[in-house]
*Asks:* 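Take this structure, written in structure tokens, and hold onto it; I'll ask about it next.
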Amino acid sequence: MPENEFTAQQAVTPFLLMNHSGGAMFLPGVVYLANNFPTNLQILNGESPSQTNAVVIDKIPGTEFHYSNAGYSILQQLAVDVEGKPFPEIVSERIFEPLKMYSTTFEQPLPEELIKIACAGHESSGLPLLAKRYFFPNMAAGGLWTTTEDYSKYIIELQKSYLGKSNNIISPELTKEMLSPHVSKQYGLGVFMREMFGEINYFGHMGDSRGFFAGFVSHLTDGYGAVVFTNGQNGANLIREITNGIAKVYGWEKYLPGENKIVVIENGIADKYCGRYSLGSDDYFEVHKDQDNLFINKFNNTQLFHTGQGKFVIKLRLGYLQFNIDPNEDKTTAVYYFSDELGRFLNEPINCQKMEPGQKAPIELFEEGQFENALNLYRKIKQENPTDLNVSENRFNSLGYDYLSRGLLDKAILIFNLNTELYPESANVFDSLGEAYMKNGNNELAIFNYKKSIKLNPNNQNAVEILKKLKSD
């Protein structure tokens, strides 16, 4: 692991990486074709043909939960280094063969005999991927090819091991450690813990790779469980609906939320709820009325259902939206608490203020071309609340790469420049800015920023190689 100011304060351990508190950076889920396929080590080092920067630790290990595919790429390489075997072979010997999972592999790219039986992924539009399927070098973070039947064998083994009735792959003691919350009460080791009705009774995971969405859920002790795979990018809601249907038919205890009775909103009150509300420092939601019903612009403009006393629920997500009206000031505020697309509650309820007419979030201003106003607001947020995730290095790096992937090079450069201003000691931010300048054809500024990155992190082999190429060009 490249050492830096974060690793100097706390060592990175496999345990911390497994519970996503190892401080490993965000790494986009880039997929590849067989003819441009990097190794996992090339991904970690940021070496060609990898399309991402070298993996670094950018938070103090052990201090906070931060979901990171990069952390599992490190664990994959650790397994390979210790065992001296390819990762697919290690997992096959330790898990797939003992559980008779004969239709399961981590081999990437898929060998020809398996490609013949592998399904094709589909875009959000519903159209099949042009290449039918892509491949994922950081296998441990999302490179598994399997079937629902095979994967169910794995979940059933964990259920039995948790109860002390089996130890075919890991001991009951390790299983209980795996299926218990650690730094985050929402996460164990490799799985999310589902808290329902104040108790953690279930574990599971949902995730996607290009053209696919998959998920499973399992009860800790009572044997309930379901595995649902889809070969489409829009599969999350379908997975949730199928799983909820199974839970209802089979009577899973403490899984489904209770039914809500719809309560009519008093005359005139609905209008007070309408408007735009700040959602943290750089997001918002809008509530509007259509005839007698209220809708929220999040989640595909979904309908809000009133359950009484200003509290609303929706069909697509767990959680609620609670409005509060101060009669003295004739002022409306809201408490926003909905799960994410994967059914997780990763944040505490957010207190939201109604926005003034014409008031906009920084990202809205930036999208509209009011760049300086937006950047000044980001600087102000960083000054007033340095730990705000909306002005974190990771957030701006992800935003910059999003612009880069869409060919919006000027916007990407502005965001990456802001990141270097706010985080001048980070080698990664200068590496990203160098990449943006290089793609924009400004080799002089690309060279300047790659040099800066290497000065801050001499182990940045990716920057060294690109710098050689830029100088030779």
*Asks:* Whether the side chain of Gln233 engages the backbone of His122 through a donor-acceptor N/O pair (distance < 3.5 Å, no angle test) should be reported.
*Replies:* no
*Asks:* Under 4.0 Å between a Lys/Arg side-chain N and an Asp/Glu carboxylate O for Glu64 and Lys59?
*Replies:* no
*Asks:* Can you label the angle between the Tyr273 ring and the Phe323 ring as parallel, tilted or perpendicular, going by 30° and 60°?
*Replies:* parallel
*Asks:* Tell me whether Asn234 contacts the main-chain N or O of Ser124 through its side chain, where contact means a donor paired with an acceptor under 3.5 Å.
*Replies:* yes
*Asks:* Answer yes or no: is there an ion pair linking Lys298 with Asp283, defined by an N-O contact shorter than 4.0 Å?
*Replies:* yes
*Asks:* Less than 3.5 Å apart, any donor N or O on the side chain of Asn428 or Ser426 sitting next to an acceptor on the other?
*Replies:* no
*Asks:* Just by modelled atom types, is the Glu393 backbone N or O under 3.5 Å from a matching donor or acceptor in the Asn419 side chain?
*Replies:* yes
*Asks:* Kindly assign one of parallel, tilted or perpendicular to the pair Tyr255 and Tyr202, based on the angle between their ring planes and the thresholds 30° and 60°.
*Replies:* perpendicular
*Asks:* Honestly, is Lys176 close enough over Tyr162, meaning NZ or CZ under 6.0 Å from the six-membered ring centre and within 45° of the axis?
*Replies:* yes
*Asks:* What I want to check is whether the side chains of Asn397 and Ser432 have a donor and an acceptor closer together than 3.5 Å.
*Replies:* yes
*Asks:* Quick check, are the ring centers of Phe338 and Phe299 under 6.0 angstrom apart?
*Replies:* yes
*Asks:* Show the numbers, then the answer: is there a ring-ring contact (aromatic ring centres under 6.0 Å, His included) between Tyr32 and Tyr134?
*Replies:* CA-CA 6 Å; Tyr32 298 83; Tyr134 295 92; 9.5 Å; no
*Asks:* Anything under 30° is parallel, anything over 60° is perpendicular, the rest tilted; go ahead and classify Tyr154 against Tyr151.
*Replies:* tilted
*Asks:* Just say parallel, tilted or perpendicular for the rings of Phe192 and Tyr187, cut-offs at 30° and 60°.
*Replies:* perpendicular
*Asks:* Looking only at side chains, do Ser103 and Glu149 share a donor and an acceptor under 3.5 Å apart?
*Replies:* no
*Asks:* For the backbone of Tyr224 and the side chain of Gln159, can you confirm whether one donor and one acceptor N or O come within less than 3.5 Å of each other?
*Replies:* yes
*Asks:* To check you understand the geometry: which heavy-atom pair defines the closest contact between Asp326 and Asn328, and what is its length?
*Replies:* OD1-N, 3.0 Å
*Asks:* Are Asn390 and Ser392 linked by a side-chain donor-acceptor pair shorter than 3.5 Å?
*Replies:* no
*Asks:* Do Asn244 and Arg240 have side chains that approach each other closer than 4.5 Å (heavy atoms only, starting at C-beta)?
*Replies:* yes
*Asks:* Regarding Tyr401 and Glu435, is there a side-chain donor-to-acceptor distance under 3.5 Å anywhere?
*Replies:* yes
*Asks:* Between Arg379 and Glu372, is a salt bridge (Lys or Arg N to Asp or Glu O under 4.0 Å) present by the stated rule, with each step listed?
*Replies:* CA-CA 10 Å; Arg379 293 180 182 108; Glu372 202 52 43; 3.3 Å; yes
*Asks:* Side-chain contact test, heavy atoms from C-beta onward, threshold under 4.5 Å: evaluate it for Val335 versus Tyr320 and give yes or no.
*Replies:* yes
